[in-house]
There are 2 protein chains.
Amino acid sequence: MVSFDSFTLCGGVPIYQQILLYLKRGAVSGAIADGDELPSRRVLSALLGVNPNTVQKAYRLLEEEGLIVSHTGSKSLMSLTAETLSRLRAELLAADTKEAVRAFRQMGLTKEEAVEWIERFWEEED
Amino acid sequence: MVSFDSFTLCGGVPIYQQILLYLKRGAVSGAIADGDELPSRRVLSALLGVNPNTVQKAYRLLEEEGLIVSHTGSKSLMSLTAETLSRLRAELLAADTKEAVRAFRQMGLTKEEAVEWIERFWEEED
DNA sequence: CCAACTGTATTATAGCAGTAATACGGCTCG
DNA sequence: CGAGCCGTATTACTGCTATAATACAGTTGG
């Protein structure tokens with residue numbers, strides 16, 4: 001069963017997208033594996049304190065992308081092939097790195113200063 | 001006069017927030033200085049291809065934050081004290097770095113791998 | 001001076017995100 | 001079997017983003 005213990009909602013980004021990112025990044029890290037059961041829509045919505053429709057939207061988008069499989073009556077399961085994981089990893093890393101580099105460059109930092117900030121913040125979180 | 005030549009709109013983030021970030025990051029980098037003239041609301045909206053009200057919202061929020069001064073009939077000016085710049089720099093760097101580190105950690109990267117990705121992407125953009 | 005610009009304000013419209021309440025059909029397990 | 005889960009679907013409402021069309025007051029510069 002996929003755990004949402006380390007999931008924390010943060011403002012500014014749509015909740016359904018945060019759920020998408022959490023599951024995709026978990027898959028890339030290996031914490032979430034092919035065949036893992038997902039919490040039901042109702043259970044997860046209660047756990048996160050959001051509307052069931054918000055979770056449903058996230059799950060529906062994941063299914064359209066082929067990352068989960070759903071059948072009426074049964075729990076949804078992660079569906080992760082090697083090719084899917086490879087594609088996901090490249091997509092997410094490129095997007096996040098590009099955005100960070102863009103921000104650092106716009107603020108006039110050198111590459112060395114940017115790396116220093118990353119290293120400084122690396123230990124500070126759980 | 002503050003230039004928007006290197007400004008590019010991207011989807012997913014409200015336009016007025018992109019304008020806010022562009023001006024704040026420009027101030028932190030030194031490319032935008034205290035007393036610099038800003039394009040008028042009408043001129044900038046035409047330049048970006050967005051509605052004048054969207055630019056007006058960005059400028060209004062900047063004025064509420066004390067980063068620009070506006071007087072009816074005259075162009076708005078950047079208003080950047082040393083303390084303002086110091087606060088801005090700390091705020092923006094912390095926010096951007098924290099978000100990047102969060103993404104890298106959720107994907108299971110080590111600190112060294114994260115730094116490597118930053119360095120790899122550093123040169124690839126203009 | 002006065003035309004053309006500036007900032008500011010108002011009202012209306014459309015679309016999307018998120019919430020809320022509800023309903024229906026299928027699977028599981030005691 | 002049947003109660004209680006599960007996924008799925010529909011409708012309605014709120015708030016934010018962005019657009020659109022005006023209108024008015026103050027400044028600037030030829």
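Values in this document were obtained by computation on a predicted structure and should not be read as measured data. A note on names: the letters A, B, ... follow the listed sequences, proteins ahead of strands, and every chain is numbered from 1.
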Is the shortest side-chain N/O distance from B/T54 to OP1 or OP2 of D/dT17 below 4.0 Å?
no
Show the numbers, then the answer: is there a side-chain hydrogen bond (donor to acceptor under 3.5 Å, both in side chains) between B/R105 and A/S29?
CA-CA 9 Å; B/R105 290 178 66 93; A/S29 78; over 6 Å; no
Charged N to carboxylate O under 4.0 angstrom, B/E83 versus B/R87?
no
Please report the distance, rounded to the nearest Å, between CG in B/L9 and P in D/dT17.
15 Å
Hey, is A/D96 close enough to B/R102 for a salt bridge, meaning N to O under 4.0 Å?
no
Linking I/L/V/M/F/W/Y whenever any side-chain heavy atoms sit under 4.5 Å apart, do A/V69 and A/L20 land together?
no
Can you measure B/M1 atom CE to C/dC5 atom P for me and round it to whole angstrom units?
14 Å
Pairing of A/E91 and A/K24 as salt bridge, 4.0 angstrom limit
no
Send over the distance from A/L77 CG to C/dT28 P, rounded to a whole Å.
11 Å
Correct closest heavy-atom pair for B/T84 and B/L80 would be CG2-CD2, 4.5 Å
Between C/dC5 (P) and B/E37 (CD): distance, integer Å:
15 Å
Would you mind building the protein contact string for nucleotides 3-11 of chain D? One character per nucleotide, 5' to 3', B for base within reach (heavy atoms under 4.0 Å), S for sugar-phosphate only, - for untouched.
---BBB-B-
Carboxylate-amine/guanidinium contact A/K98 B/E124, below 4.0 Å
no
Using whole Å, report how far CG of B/N51 lies from P of C/dA14.
15 Å
Compute whether any side-chain donor of one residue and acceptor of the other, for A/T97 and B/R120, lie under 3.5 angstrom apart.
no
DNA chain C-proximal residues of residues 14-27 of chain A, any heavy atom under 4.0 Å:
A/P14, A/I15, A/Y16
If only side-chain N and O atoms of A/K57 are considered, is one of them under 4.0 Å from the OP1 or OP2 phosphate oxygen of C/dG18?
no
What's the CG-P distance between A/L61 and C/dG18, to the nearest Å?
11 Å
